[in-house]
Amino acid sequence: VLLPVALLLGAVSFTGCASLEMGRIKQEIARDLERQPDVEVGRGSSRSFGRGTIGTGRFLGRLFAPTSTETFRRLARHVRQLKLGTYPIEGDIDPLAMPRPEAVDRYEAEGWYRAMAVRDSSSLVYVLLREDSDDTITDLLSITLEDQELGIARVRGNLSELAVDAIAEG
């Protein structure tokens, strides 16, 4: 059951495009991180998946693995765009000594609000949300720094409905 899902997701993931936004955020955070001695953020990779790719994934899931992809297909209908970036970090980082990332300040100045911030001796996590005029959550941005890796994710769509449906899934 998992093999068809893995093959499906693997095939669809090759169609994603590189994300300029993830690269820009990575550069902003790299400037903050590289202020610490002997720390460098590596090249890494990023991908962006739009409606076409997500829709193709839903279609292929229904076609080849209808039972095992049912939850994915139901939840993915709320997602308009998904951007992911992962970047290796070389050197010892101290999240407690790192200033708040400038990228977080920039997004908050653009109307995003901080839903969560966690900082301890081994990790740093920021989750930012943006709502439209109807108070529907339309965007989520996650920045994580853990295990010598910087992870950035952005999801666009009707995330309020996504959350309701995800909770209903249990």
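Between D32 and R100 no salt bridge is recorded (no basic side-chain N to carboxylate O distance below 4.0 Å). Salt-bridge annotation for E110 and R106: present, with a side-chain N of the basic residue lying under 4.0 Å from a carboxylate O of the acidic one.
Scanning both residues, R156 and R154, for their nearest heavy atoms gives NE-NH2, 3.6 Å. When every heavy atom of R35 is checked against every heavy atom of P99, the shortest pair comes out as NH1-CG, 4.3 Å. The minimum heavy-atom distance linking L162 with H78 is given by the pair CA-CD2, 3.7 Å. The two residues G111 and R130 have their closest heavy-atom pair at O-CG, 4.3 Å. Counting all heavy atoms, side chain and backbone alike, R58 lies closest to A76 at CD-CB, 3.8 Å. When all heavy atoms of P95 and S121 are compared, the closest pair comes out as CD-O, 3.5 Å.
Remark: the backbone N or O of D94 is paired with a side-chain donor or acceptor of Q36 at under 3.5 angstrom. The closest donor-acceptor contact from the side chain of S48 to the backbone of S19 lies at 3.5 Å or more, if one exists at all.
Side-chain atoms of D134 and T136 include no donor-acceptor pair closer than 3.5 Å.
Applying the 4.5 Å side-chain rule to ILVMFWY residues, one finds M22, I25, I29, L33, V39, V41, Y87, I93, M98, V104, Y107, W112, L124, Y126, L128, L141, I143, L145, L150, I152 in the same cluster as I89.
When the shell of 6.0 Å around CG of D120 is examined, it contains more than 12 heavy atoms from other residues, nucleotides or ligands.
For the atom pair OG1 (T56) and CG (L63), the distance works out to 11.5 Å, reported to the nearest 0.5 Å. The line from CD of E102 to CZ of R31 is 6.0 Å long, rounded to the nearest 0.5 Å.
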